[in-house]
Amino acid sequence: MHAQPMNDALTLHTLDVEAIRNDFPILKQESDPRLIYLDSAATSQTPDCVVNAMDEYYRTYNANIHRGIYRISEEATARYEEARKKIARFINARRSSQIVFTRNTTESINLVAYSWGSANIREGDEILVTVMEHHSNLLPWQLLAQRTGAKLRFIEITEEGLLQLDDLDRLLTERTRIVAMTHVSNVLGTINPIQDITAAAHAVGAKVLIDAAQSVPHLPVDVQQMDCDFLAFSGHKMCGPTGIGVLYGKLDLLEEMPPFLVGGSTIRSVQREHSIYADPPAKFEAGTPSIAEAIGLGAAVDYLRKVGLEAIYAHEHELLEYAHQKLSDIEGLTIYGPKPRQKTGAISLNLDGIHPHDLAGVLDVSGVAIRAGHHCAQPLMQQYDVIATARASFYLYNTLEEIDRLYDGLLTAKKIFTRRRR
Amino acid sequence: MHAQPMNDALTLHTLDVEAIRNDFPILKQESDPRLIYLDSAATSQTPDCVVNAMDEYYRTYNANIHRGIYRISEEATARYEEARKKIARFINARRSSQIVFTRNTTESINLVAYSWGSANIREGDEILVTVMEHHSNLLPWQLLAQRTGAKLRFIEITEEGLLQLDDLDRLLTERTRIVAMTHVSNVLGTINPIQDITAAAHAVGAKVLIDAAQSVPHLPVDVQQMDCDFLAFSGHKMCGPTGIGVLYGKLDLLEEMPPFLVGGSTIRSVQREHSIYADPPAKFEAGTPSIAEAIGLGAAVDYLRKVGLEAIYAHEHELLEYAHQKLSDIEGLTIYGPKPRQKTGAISLNLDGIHPHDLAGVLDVSGVAIRAGHHCAQPLMQQYDVIATARASFYLYNTLEEIDRLYDGLLTAKKIFTRRRR
Amino acid sequence: MNIYEEDILDHYESPSNYGTLEDPDISYEEDNPLCGDKIRMELKVEDGIVADIRFSGHGCTISQAAASMLTEKIKGQPLDEVKKLSKDDILEMLGIPLGPVRLKCGLLALKVLKAGAYGLKGWPGEEDEESGE
Amino acid sequence: MNIYEEDILDHYESPSNYGTLEDPDISYEEDNPLCGDKIRMELKVEDGIVADIRFSGHGCTISQAAASMLTEKIKGQPLDEVKKLSKDDILEMLGIPLGPVRLKCGLLALKVLKAGAYGLKGWPGEEDEESGE
Ligand SMILES: Cc1ncc(COP(=O)(O)O)c(C=O)c1O
Ligand SMILES: Cc1ncc(COP(=O)(O)O)c(C=O)c1O
């Protein structure tokens with residue numbers, strides 16, 4: 001038996017979570033113990049409508065796109081391009097040709113670092129990132145800096161896990177070519193003030209790439225309002241399938257950028273020694289793309305829009321408020337990062353004297369799935385002087401009762417480990 | 001009513017095609033006209049076992065891999081790595097760590113051209129390709145040559161569509177760093193004598209990359225016997241899903257190569273300015289990989305092994321012999337490429353005075369799906385002095401009756417267009 | 001509705017305004033990267049009116065017939081009418097439905113015309129893709 | 001079978017052979033890139049026999065308990081026994097089943113030992129991956 005939410009005022013009221021849970025077969029699965037999935041920041045669960053959209057492709061119009069002059073290929077082409085339009089609309093891009101399909105956020109960022117980076121970064125230039133970046137938004141810039149002789153600079157964070165923006169004036173100079181930063185920290189949940197930073201970056205002539213892997217799934221994102229130059233995110237973190245990611249870019253930039261991965265589909269014409277490349281997005285989608293996955297992501301975006309991003313954001317906020325309050329009475333517990341007000345649904349924590357792996361291991365015994373490790377953010381770990389943290393993260397299908405189970409599990413871990421401490 | 005195979009000796013006897021067709025729901029679909037799918041060289045159809053394997057992931061153990069200390073993540077990790085082992089076994093790689101998952105053949109080749117290429121190609125070096133390459137195995141080398149000042153050289157073909165190997169001695173010199181060539185031509189079907197060329201290349205110290213997009217699906221491939229250094233292929237052409245491809249490499253080469261796409265999973269440890277990269281294959285699999293798709297490809301490989309690659313090859317050969325014989329009585333028809341004996345299941349053709357698009361368009365009216373265009377092989381088209389060809393391609397699920405339908409459609413096209421010619 | 005309608009075949013067989021002009025005011029050529037079809041458009045413009053027009057090139061029935069029909073439609077009209085022509089006008093002119101792949105064949109002539117006359121890039125109809133609720 | 005068996009917790013709480021040696025004959029350290037767990041192994045070898053052994057480092061219960069148990073097992077044995085130890089030996093020693101992720105924690109100590117003593121790279125058990133029918 002698990003405790004009911006103790007506080008009536010905290011009963012969930014923004015989303016019909018039970019109805020939502022019915023869309024996710026994995027959450028309805030009989031198992032002992034039942035799955036309590038608190039790792040959506042790593043990858044989200046997939047609703048049936050998304051799986052069905054892909055199955056429909058494979059079972060009724062499986063064909064390669066863009067070149068086939070027969071019905072199922074015309075159908076596949078239409079659905080693939082329709083998915084692109086849905087995604088453009090979802091982030092309010094002006095045109096669907098600004099949406100490039102990739103495998104994941106990581107590939108999207110590498111594309112910019114190689115293509116835009118090689119054409120625009122020279123020795124002595126500066127690339128500005130933050131210490132809270134995921135490795136996927138740090139390593140491509142490290143390599144670019146090493147290749148070109150450019151310099152990486154870092155925006156530091158406060159103890160509370162907010163960006164130290166006092167530093168910004170000093171860090172942003174006319175040598176800064178690009179600011180590459182995360183919208184939402186995958187470890188701390190911190191929501192960064194993108195619009196302000198983008199404006200400041202543009203004022204010195206720098207471009208801005210936003211790692212939106214943790215924001216596009218969880219809150220309304222409007223690229224025109226943000227005014228960012230590039231935005232990257234992944235399908236598998238937003239109810240979509242694996243194997244599909246997105247790079248959004250301003251059209252003039254995408255047009256100027258040299259090709260990156262090349263091959264089938266990226267061209268206008270090919271001669272033995274020389275080729276002319278196509279317009280974006282085709283220029284950047286080399287070879288047979290993730291057709292079923294793009295269509296699946298289109299279905300995921302339909303699903304998220306139906307539920308509503310504002311509602312999802314509000315729901316996660318309720319879960320966060322409840323969790324912060326509930327967990328705060330566990331002695332020896334540290335939560336990293338800001339107050340719920342300034343973040344989305346992730347809680348990184350440590351419990352004195354217990355390795356985060358062991359926390360995750362004990363929780364797993366009662367079916368609670370959380371993540372433990374460096375979360376691909378070692379520079380941030382170094383900043384907090386920890387090797388690892390345990391992270392619980394939420395999404396539209398999570399409930400208050402699941403947070404109670406997390407709480408119970410943390411207490412169990414404490415019991416197992418402290419009983420034995422000398 | 002369509003004609004029955006006319007020649008009893010040509011009744012298919014190597015595969016139980018009707019049983020196989022039952023595994024592919026799209027081929028059983030009621031529609032008017034029924035789908036006659038003759039475009040497997042572009043992408044193959046997907047058997048139910050593959051779709052089901054992916055659905056099972058999404059519905060029962062959907063989780064990110066390699067880092068989750070909870071049941072469904074352990075399960076997903078195990079299945080993903082098991083797929084890698086299945087694929088290693090399928091092409092007879094010594095170790096599963098030689099199998100790098102990518103999106104498709106195109107990405108696999110780009111990976112080598114960027115990573116191995118940047119580390120090993122200098123001004124004045126030579127890269128040897130053939131004029132029958134798919135753009136995906138030409139453009140990455142064009143760009144590499146442009147970046148480095150290396151020179152591209154070409155193995156020519158005979159009128160019949162075979163490589164001109166008399167030239168090889170002249171073309172392969174101590175300046176040749178790599179030979180990048182296709183195992184099977186996607187336009188002509190030609191099977192190239194890889195083992196001989198690899199031996200000759202190794203004799204002058206050159207590496208060999210094989211584009212196996214059209215061979216791994218259709219005939220037994222043994223990388224140890226071939227002795228190639230790299231091999232690239234795509235899941236979607238071998239009964240697997242979209243969004244997954246493979247790069248095989250010799251282990252010492254993969255170990256020496258610098259990282260290419262970087263981010264989550266590619267590292268041992270990350271500092272602000274510098275990172276240490278992981279061993280292969282992790283070094284090359286940046287970010288969340290195509291998890292469901294790798295598992296789907298594992299199921300496809302199980303399926304192909306069950307049917308048997310020798311049997312598939314023999315079956316396609318029967319179809320080819322029948323088709324060549326049957327189509328040969330159409331006046332004005334040109335078939336490009338060698339006799340059936342020297343190729344796998346693709347027939348590229350033109351019918352005098354009819355644009356290949358129109359051939360495909362007329363055939364589509366009767367449900368026959370073939371491809372028309374340059375097939376991403378413009379240098380080869382230039383060689384034959386055509387803009388485009390029409391291509392019918394076969395796989396394990398095709399029947400003799402379907403070839404009769406192709407024949408009927410070609411006659412219909414002739415009737416529509418020649419009746420009107422002045 | 002069959003793609004190989006008599007009307008379309010007629011235009012393909014005996015295209016209107018096929019050929020080139022001497023000293024054209026506008027001359028532009030482009031190909032469809034998906035299939036290699038190529039169309040060149042040449043125009044004489046007098047007082048803003050399309051006084052004469054020719055097309056040349058090669059390609060499938062759809063791309064060539066669409067070019068032929070388009071030249072008939074635009075000849076003698078104000079050049080500015082070209083700017084207003086949309087994807088739907090071409091579909092209506094052809095009188096058959098086209099999937100997204102063959103659509104590019106059908107639109108090639110209009111694309112060439114718009115690019116030649118106004119420097120407009122992108123495929124006709126793409127301007128409709130502006131997203132927003 | 002629970003991962004948090006008494007036996008494993010005992011080793012974690014009071015590890016055997018924890019610490020360092022002066023002038024070790026073999027000294028090697030590695031970490032698990034997936035989680036940052038780190039183990040150092042130091043050995044004195046006399047006439048091919050592991051005369052003394054210590055481990056140090058940090059990590060979760062599984063990685064530390066496995067290291068502690070491994071040092072007990074190997075001390076006083078011929079060094080060559082190390083080479084023969086397999087993934088299965090470690091699993092048997094720990095007495096609990098491990099999925100592929102936690103397996104890496106369980107195998108870290110053996111990996112360090114094999115790398116330090118024989119320069120063997122790769123995770124124990126990977127040598128089993130040789131494919132073939
Ligand atoms: C010989 C050959 N190489 C490469 C490719 C590219 O494969 P993909 O589009 O899956 O990257 C193809 C597929 O058309 C092919 O036939
Ligand atoms: C902030 C952030 N950036 C980038 C990534 C990388 O995403 P993917 O693994 O889908 O490429 C992640 C996912 O873990 C993330 O949380």
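Everything numeric here is computed off the predicted structure, so don't read it as measured data. In what follows, every heavy atom counts, from backbone to side chain, and hydrogens, waters and symmetry copies are set aside. Every chain is numbered from 1, with letters handed out A, B, ... down the list of sequences.
- For the options A/S234, A/S31, A/A286, A/S44, heavy-atom pairs under 4.5 Å to chain B are most numerous at A/A286.
- Here the side chain of A/N110 pairs no donor or acceptor atom with the backbone of B/L261 at under 3.5 angstrom.
- Contacts between A/I370 and chain B at a heavy-atom distance below 4.5 Å involve the backbone alone (N, CA, C, O).
- One N or O on the side chain of A/D364 and one on the backbone of B/R71 form a donor-acceptor pair closer than 3.5 Å.
- Heavy-atom distances place no part of A/S40 under 4.5 Å from chain B, backbone and side chain included.
- Neither the backbone nor the side chain of B/I109 comes within contact range of chain A; no heavy atom of the residue lies under 4.5 Å from a heavy atom of that chain.
- Put simply, the side chain of B/F24 does not reach to within 4.5 Å of the side chain of A/R59, judged on heavy atoms.
- Residues A/N64 and B/D39 fail the side-chain proximity criterion, which asks for heavy atoms closer than 4.5 Å.
- Put simply, of B/Q146, B/E156, B/K28, the one with the most heavy-atom pairs under 4.5 Å next to chain A is B/E156.
- Heavy atoms closer than 4.5 Å to chain A are found nowhere in B/M381, neither backbone nor side chain.
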task: Could you give me the CA-CA distance, side-chain angles and deciding distance for A/Q45 and B/Y58, then say whether side chain to side chain contact (heavy atoms under 4.5 Å, CB included) is met?
output: CA-CA 7 Å; A/Q45 293 303 330; B/Y58 286 118; over 6 Å; no
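- Closest heavy-atom contact between B/S290 and A/G243: OG-CA, 3.3 Å.
- The two residues A/Y61 and B/I26 make their nearest non-hydrogen contact at N-CD1, 3.8 Å.
- Comparing B/V270, B/I69, B/N104, B/T43 by how many heavy-atom pairs each has under 4.5 Å with chain A, the most go to B/V270.
- Proximity to chain A is limited to the side chain of B/S73, based on heavy atoms less than 4.5 angstrom apart.
- For the set A/A369, A/P379, A/P241, the entry with the most heavy-atom pairs within less than 4.5 Å of chain B is A/A369.
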- request: With side chain to side chain contact (heavy atoms under 4.5 Å, CB included) as the test, would you mind laying out the steps for B/L35 and A/I72 before giving the verdict?
  value: CA-CA 9 Å; B/L35 173 65; A/I72 57 174; 3.8 Å; yes
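- One distance of note links CZ of B/R103 with OG1 of A/T288; it measures 10.0 Å at 0.5 Å rounding.
- Residues of residues 131-141 of chain A that come within less than 4.5 angstrom of chain B, heavy atom to heavy atom, are A/V131, A/H134, A/H135, A/S136, A/L138, A/L139, A/P140 in numerical order.
- Residue B/Q142 touches chain A through its side chain alone, counting heavy-atom pairs closer than 4.5 Å.
- Residues A/Q383 and B/R272 have side chains that bring a donor and an acceptor to within less than 3.5 angstrom of each other.
- For the pair B/T242 and A/Y80, the minimum side-chain heavy-atom distance is 4.5 Å or more.
- When each of A/E293, A/Q271, A/Q29 is scored by its heavy-atom pairs under 4.5 Å with chain B, the top score falls to A/E293.
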- prompt: Does the pair B/M54 and A/M54 meet the rule for a side chain to side chain contact (heavy atoms under 4.5 Å, CB included), with working shown?
  reply: CA-CA 10 Å; B/M54 293 191 288; A/M54 294 192 287; over 6 Å; no
task: Output, in order, the C-alpha distance, side-chain angles, deciding distance and verdict of side chain to side chain contact (heavy atoms under 4.5 Å, CB included) for A/R67 and B/H375.
output: CA-CA 9 Å; A/R67 282 195 179 73; B/H375 313 292; over 6 Å; no
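- From A/T106, atom OG1 reaches atom CD of B/E285 across 12.0 Å, with rounding to the nearest 0.5 Å.
- Of the atoms belonging to B/T105, not a single heavy atom falls under 4.5 Å from chain A.
- Counting heavy-atom pairs closer than 4.5 Å to chain B, the top residue among A/D48, A/L363, A/L27, A/V368 is A/D48.
- Proximity to chain B (any heavy atom under 4.5 Å) is restricted, for A/Q382, to the side chain, taken from C-beta onward.
- Ring pair A/F260/B/F260: centre-to-centre distance below 6.0 Å.
- Side-chain polar atoms of B/S269 and A/Q378 form no donor-acceptor pair below 3.5 angstrom.
- For the options A/N62, A/I244, A/V129, heavy-atom pairs under 4.5 Å to chain B are most numerous at A/N62.
- Interface remark: B/L152 contributes backbone and side-chain atoms alike to the contact with chain A (heavy atom separation under 4.5 Å).
- Heavy atoms closer than 4.5 Å to chain B are found in the side chain of A/H236, but not in its backbone.
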